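On a predicted model such as this, the values are computed, not experimentally measured, just so you know. All ligand and atom numbering here is 1-based and tracks the order in the structure.
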Amino acid sequence: MTTLRNLPSVEQLLKTETAAHLIARFGRPLTLDALRQTLDEIRARFKSGMLAGLPSIDLILAQAESTLSTWTKPTLHPVINATGVILHTNLGRAPLSAAAIHAMDAVSRGYSNLEFDLESGKRGSRLIHAEALLQKLTGAEAAVVVNNNASAVLLTLSALANRRRVVIARSQLVEIGGGFRVPDVMKQSGAKLVEVGTTNKVRLSDYESALEEPIALVMRAHRSNFKIVGFTEEPELKDVVNAAHQVGVPVVDDLGSGALYDTAKYGFSHEPTVQESLQAGVDVILFSGDKLLGGPQAGIIIGKKTLLDKIRKHPLARAVRADKSCLAGLSATLTHYLKDEAEREIPILKMMSLTLKQVRGRAEAWRDELGQGDVAEGQSTVGGGSLPGESIPTFLLELSVKSAQKFLRALRENNPPIIARTENDKVLLDPRTVLPEQEGALLVGLKNLLKRKPNEIRP
Ligand SMILES: *Cc1c(COP(=O)(O)O)cnc(C)c1O
């Protein structure tokens, strides 16, 4: 009769060649842990009558190996974005240029002059690294880079408006996504909100009456992910700035996306640019590094030196500071703009400026390579809290499959995962957001799946 006494011990398992391989791959402590856990599981299942007999040594080791793989597999890894959403927040927003990746790699591998002044040999400031580039590019007096734009908003308001009143239009008290609500962040900073106007309308006179009371600053927040249409009104930014400046109150503009280029040239409607805010006389402008700028995650604060000095010195600045790889990658990205090579080097700008002929050519090449599917007209979007409801024409590869949902799931289980979308029970793949170097892996994954019989694709 089989009893648990026939189960091999950890020591016995360790004597096998397979265990030696596992130790080489995963290290001794983790391998021991996995072997013990596997034996415990077998004992428990045997006692509860779920096992008729005991598994072989090979089977036990195979189970331990699978446990070890699960424990050590990264949860964060590259995917192929075939959705046509260029700044997909869930897929990590902007892919970086080769120069940005190189710069991040170089400062991460070893030491750097992050906070070291090479000229004097003394302590320096990490904030100088992207500052000169931002000044040169935008013409702003000063710049500070922090962890992301949400922290830029929090830090700016904490430094300039703590326990004081901030005027903002009701129509701008928005939720950006992922639970980021402008009013909540404003309150978190200790600022007191003075809401003006109604949901759809705000007039200059609303701002003017609010400014009759003592006010720390006027804030504008870009409605990044939705549009107000119909019976609406909002004064020109420069008129709001003039009204505020007349009573000595500064204006902060949370631009969100922070385009340096006019997106209208790619066939989208116009997204407010950093330069326009500066021209309107805004004192402090906040925007993300990884939205339309096309760089790493960062929050960029530019504007008047006196105000930025207060922001720089606030204790929260230390808590939300940017790390060295961010500063290196951001500087490399900004340099592309300075050298007028952004459209050639920055992946999201390349994607936006692909011609219809180029996208169609890629979709047709995919169809020919796969020997199936149709090339059809479709739409790509920007996403990532930029250009709400806006799309540009593209060409898609449409695949007719038995179950689009099952097929999408199988695509997600591919290595690397392929993220596509479905419409009218067809699977749609947009070449615009697939990086050229990922095309090979995409086609291999698709071919393997299309070869499988429909019932082999797990529900
Ligand atoms: C996206 C966005 C933010 C948040 O920026 P993150 O860089 O994601 O932290 C804040 N404000 C506006 C208007 C935005 O569009």
- prompt: Does Gln297 have a non-hydrogen atom less than 4.0 Å from ligand 1?
  reply: no
query: Which of the numbered atoms in ligand 1 are below 4.0 angstrom from a heavy atom of Arg93?
result: 6 (P), 7 (O), 8 (O)
Polar proximity ligand 1 side, Ala150 side, N/O cut 3.5 Å exclusive: yes
- prompt: Would a distance-only check, ignoring hydrogens and angles, find a side-chain to backbone donor-acceptor pair under 3.5 Å from Ser277 to Val282?
  reply: no
message: Taking 4.0 angstrom as the limit and counting only heavy atoms of His222, give me the atoms of ligand 1 inside it, by number and element.
response: 13 (C)
task: Check each atom of ligand 1 against the heavy atoms of Ser288 and keep those under 4.0 Å away; list them by number with element.
output: 5 (O), 6 (P), 7 (O)
- prompt: Does Glu276 pair with Lys238 as a salt bridge, N-O distance under 4.0 Å?
  reply: no
Test of proximity, Ser257 against ligand 1: N or O pairs below 3.5 Å: no
task: Return yes if a side-chain donor-acceptor contact under 3.5 Å exists between Asp283 and His245, otherwise no.
output: yes
message: Looking only at side-chain N and O atoms, does Glu271 offer a donor or acceptor that is under 3.5 Å from a partner on Tyr261?
response: no
field: Ionic contact status for Arg25 with Glu65, cut-off 4.0 Å
entry: yes
- prompt: Does the distance from a Lys or Arg side-chain N to an Asp or Glu carboxylate O, for Lys447 and Glu369, drop under 4.0 Å?
  reply: yes
Under 4.0 Å to a heavy atom of Gly256 - the qualifying atoms of ligand 1, by number: 12 (C), 13 (C), 14 (C), 15 (O)
task: Indicate yes or no: does an N/O atom of Asp254 lie under 3.5 Å from an N/O atom of ligand 1?
output: yes
